[in-house]
Amino acid sequence: MIDPKLLRQSTADVARNLARRGHVFDAPAYLALEERRKSLQVQTEKLQSERNSRSKAIGQAKAKGEDAAPLMATVADLGTRLATCQTELQLLLGELRDIELNLPNLLCDDVPDGRNDVDNVEVRRWGVPPEFAFKARDHIELGEVLGLLDFDAASKISGARFAVLHGALARLQRALITFMLDTHTGEHGYRESYVPYLVHAHALEGTGQLPKFAADLFTTGTDTPFYLIPTAEVPLTNFARDIIFDADQLPLRYTAHTPCFRSEAGSYGQDTRGMIRQHQFEKVELVQLVAADASAAALEELTAHAEKILQKLELPYRVVALCAGDIGFGAAKTYDIEVWLPGQQRYREISSCSNCTDFQARRMQARRRNPESGKPELIHTLNGSGVAAGRALIAVLENYQQADGSVAIPAVLQPYMGGAKTLQA
RNA sequence: GGAGAGAUGGCUGAGUGGUCGAAAGCGGCGGUUUGCUAAACCGUUGUACGGUCAAAAGCUGUACCGAGGGUUCGAAUCCCUCUCUCUCCGCCA
């Protein structure tokens with residue numbers, strides 16, 4: 001959520017910032033609502049104040065044994081007038097909140113202009129895409145040759161956009177996850193957490209997936225529905241809900257491995273083959289909770305933590321700064337890390353690292369006490385994949401493939417694979 | 001799944017219709033005393049949203065006793081729904 005004060009005081013600036021994303025903010029309509037809100041709120045509070053003082057007088061009269069009937073007569077119509085005002089005000093506040101909840105975050109100034117992924121700006125590259133003396137296979141073929149990647153079984157059980165991994169390949173994914181968690185907890189100062197995969201709506205509202213992106217989420221059909229988490233960012237970031245941190249408690253760094261569930265509504269026709277885009281996938285997530293003035297540096301740091309994983313796996317990648325039109329709803333600035341996939345001969349997203357500034361914190365009322373002023377102030381939240389395990393698995397398969405269709409195991413993963421050096425069927 | 005108990009400020013905990021934003025204690029902060037520490041004593045102590053103001057401070061209004069509704073002139077207190085916690089029974093990895 002954008003600061004409502006900023007919204008009404010600097011409406012034009014906000015609209016200009018949002019326009020960079022291609023988001024049209026109807027400022028005049030908002031301001032008109034806001035005007036009505038102000039006068040109605042003043043009026044309502046005045047009536048409430050009047051009611052309070054008169055009710056108090058009735059109580060005092062009764063306590064003294066006086067006849068309260070005349071006093072009570074003077075409040076008779078106050079109740080109905082107040083009720084009318086309150087209902088109207090509540091309606092109005094609801095409308096305003098609805099607008100505010102559907103507004104994306106303000107972009108940082110250094111976000112490049114652009115409409116979509118074509119306009120994203122490459123920041124740096126690491127590693128060199130491998131040159132094969134043979135025609136590179138994609139992960140689907142490699143999985144087939146090895147007999148370890150089974151889409152037929154998956155479709156029988158659950159239909160499209162699921163995968164079944166067998167044997168050494170299933171273990172390799174587990175190895176990747178453990179390796180990533182060990183790196184982040186051992187070298188990058190993150191605390192590992194195990195979290196619920198089913199969450200309430202308010203948790204998703206806190207991180208910004210609701211109310212706008214309900215179609216992307218799976219729910220249970222129960223009376224009070226649970227939502228399946230689309231990312232561990234949701235439970236991890238909600239740790240900070242309704243908390244006022246002491247200054248010395250921050251920064252906080254959390255990591256978790258969870259499955260992620262996405263309905264991928266609207267992605268029909270994209271990446272239908274293989275395990276690039278699935279309804280269920282494994283991911284190691286990084287979340288940081290920091291003071292407002294520390295978030296810009298924290299984003300660079302968090303991105304570097306995710307990059308470290310690919311460096312250790314010796315997978316070539318590049319980092320791109322997302323342009324204004326491609327940045328996600330809650331993010332003020334985002335770096336995507338794209339790993340080289342020989343089967344596609346292109347870089348594909350494997351991690352997305354975002355500074356959400358105070359956008360989520362405001363929705364969750366996540367604050368810290370400013371040591372100078374003693375006043376609570378919103379913290380900043382950041383998140384990034386560190387990294388997506390399913391896509392890392394694909395990247396390993398395709399980058400470590402050999403002429404005969406076998407796949408070498410990256411050195412850092414070998415200890416997690418019982419010392420094996422190649423993937424065995 | 002069944003039966004019951006509960007949710008009050010940073011914490012413990014009192015409060016069953018009126019001067020209660022809320023006793024008391026603990027903690028925190030400030031001060032007095034003190035060679036230092038401790039103790040004692042005194043004072044102070046939440047959050048949000050408004051109004052006033054160029055702004056801050058100040059002043060001021062409203063709301064908040066798990067959440068949402070209701071009854072009432074008036075609700076922490078009574079009623080309803082929901083969420084969560086705890087205890088016992090059952091089932092269960």
Side-chain angles (χ1 to χ4, degrees), chain A residues 1-10 30-31 33-101 194-206 210-211 219-227 235 238-250 358 360-379:
Chain A
M1 217 160 92
I2 297 173
D3 183 0
K5 270 190 196 130
L6 199 69
L7 219 45
R8 63 182 101 107
Q9 283 167 8
S10 315
Y30 179 81
L31 285 177
L33 275 179
E34 182 46 40
E35 266 311 301
R36 279 178 57 210
R37 186 228 100 226
K38 190 195 260 189
S39 66
L40 198 55
Q41 181 167 347
V42 170
Q43 193 186 347
T44 304
E45 290 184 356
K46 204 177 275 176
L47 285 172
Q48 281 173 324
S49 171
E50 202 173 323
R51 180 205 59 194
N52 288 348
S53 59
R54 297 208 188 176
S55 291
K56 209 169 260 186
I58 290 172
Q60 283 167 342
K62 284 197 170 173
K64 283 186 228 153
E66 293 166 6
D67 180 15
L71 277 171
M72 284 173 70
T74 66
V75 260
D77 72 317
L78 220 132
T80 51
R81 279 196 294 157
L82 182 57
T84 314
C85 279
Q86 276 173 332
T87 333
E88 205 183 323
L89 180 63
Q90 222 156 47
L91 219 66
L92 211 51
L93 288 174
E95 276 180 68
L96 283 165
R97 184 166 174 81
D98 197 49
I99 292 174
E100 287 158 8
L101 283 178
Y194 169 80
V195 296
Y197 304 160
L198 296 173
V199 298
H200 280 149
H202 68 262
L204 287 151
E205 190 175 296
L210 287 179
T219 68
T220 62
T222 46
D223 286 343
T224 48
F226 285 109
Y227 291 80
N238 272 279
F239 283 173
R241 170 175 292 273
D242 292 328
I243 291 179
I244 301 177
F245 294 101
D246 290 330
D248 59 7
Q249 287 179 277
L250 302 179
D358 61 8
Q360 299 178 322
R362 183 170 291 106
R363 290 170 169 236
M364 295 188 303
Q365 282 303 297
R367 292 164 291 175
R368 69 154 199 159
R369 196 166 293 281
N370 184 307
E372 277 90 51
S373 67
K375 295 269 191 285
E377 62 185 20
L378 294 169
I379 61 167

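First the proteins, then the strands, lettered A, B, ... as listed; each starts at 1. Every value quoted in this text rests on a predicted model; they were computed, and no experiment measured them.
Separating the CG atom of A:L78 from the P atom of B:U72 is a distance of 15 Å, rounded to the nearest angstrom. Rounded to whole Å, atom P of B:U62 lies 11 Å from atom CD of A:E50. Going from atom CZ of A:R368 over to atom C1' of B:G10 covers 18 Å, rounded to whole Å.
Legend: residues meeting side-chain hydrogen bond (donor to acceptor under 3.5 Å, both in side chains) with A:E50, ordered by chain and number and at least two apart, are A:R54. For A:E88, the salt bridge (Lys or Arg N to Asp or Glu O under 4.0 Å) partners two or more places apart in sequence, or in a different chain, are A:R36. Residues forming a salt bridge (Lys or Arg N to Asp or Glu O under 4.0 Å) with A:E377 (at least two apart in sequence, or on another chain): A:R368. Here A:S55 pairs with A:R51 under the side chain to side chain contact (heavy atoms under 4.5 Å, CB included) rule; sequence neighbours left out. Evaluation of the ring-ring contact (aromatic ring centres under 6.0 Å, His included) rule for A:H200 yields A:H202, A:F226 as partners, not counting sequence neighbours. Scanning for salt bridge (Lys or Arg N to Asp or Glu O under 4.0 Å) contacts around A:E100 gives an empty result, with sequence neighbours left out.
Nearer to the 5' terminus of RNA chain B, by closest-nucleotide assignment, is the contact made by A:S53 (compared with the other of A:S53 and A:V75).
Side chains of A:Q41 and A:E45: a donor on one and an acceptor on the other come within 3.5 Å.
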- Query: Taking it one step at a time, do A:Q43 and A:L40 satisfy side chain to side chain contact (heavy atoms under 4.5 Å, CB included)?
  - Reply: CA-CA 5 Å; A:Q43 193 186 347; A:L40 198 55; 4.0 Å; yes
- So A:L33 and A:I99, side chain to side chain contact (heavy atoms under 4.5 Å, CB included) or not? Walk me through it. CA-CA 10 Å; A:L33 275 179; A:I99 292 174; 3.7 Å; yes
- What string of B, S and - do you get for nucleotides 63-71 of chain B, 5' to 3', when a contact is any protein heavy atom under 4.0 Å? S-----S--
- What does nucleotides 45-59 of chain B look like as a protein-contact string, B for base, S for sugar-phosphate only, - for none, at under 4.0 angstrom between heavy atoms? --SSSSS--------
What are the atom names and distances for every N/O pair under 3.5 Å that joins the protein to nucleotides 82-85 of chain B?
residue : atom : partner : partner atom : Å
B:U83   : OP1  : A:T224  : OG1          : 3.3

What are the atom names and distances for every N/O pair under 3.5 Å that joins the protein to nucleotides 18-20 of chain B?
residue : atom : partner : partner atom : Å
B:G18   : O6   : A:K62   : NZ           : 3.2
B:G18   : N2   : A:S55   : O            : 2.7

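To the nearest 0.5 Å, the span separating CD on A:Q360 from CD1 on A:I379 amounts to 9.5 Å. Distance check, rounded to the nearest 0.5 Å: CG of A:L378 to CE of A:M364 gives 9.5 Å. We find the CD1-CG distance between A:I2 and A:L101 to be 11.0 Å, quoted to the nearest 0.5 Å.
The two residues A:R363 and A:E205 come nearest to each other via the heavy atoms NH1-O, 2.8 Å.
For RNA chain B, if you chain together Watson-Crick or G-U pairs that step i with j, i+1 with j-1 and so on, the runs of at least three with distances under 3.5 Å are B:1-7 with B:83-89, B:10-12 with B:24-26, B:27-32 with B:40-45, B:46-52 with B:58-64, B:66-70 with B:78-82.
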With a cut-off of 3.5 Å and sequence neighbours excluded, list every side-chain donor-acceptor pair involving residues 242-249 of chain A.
residue : atom : partner : partner atom : Å
A:Q249  : OE1  : A:D246  : N            : 2.7

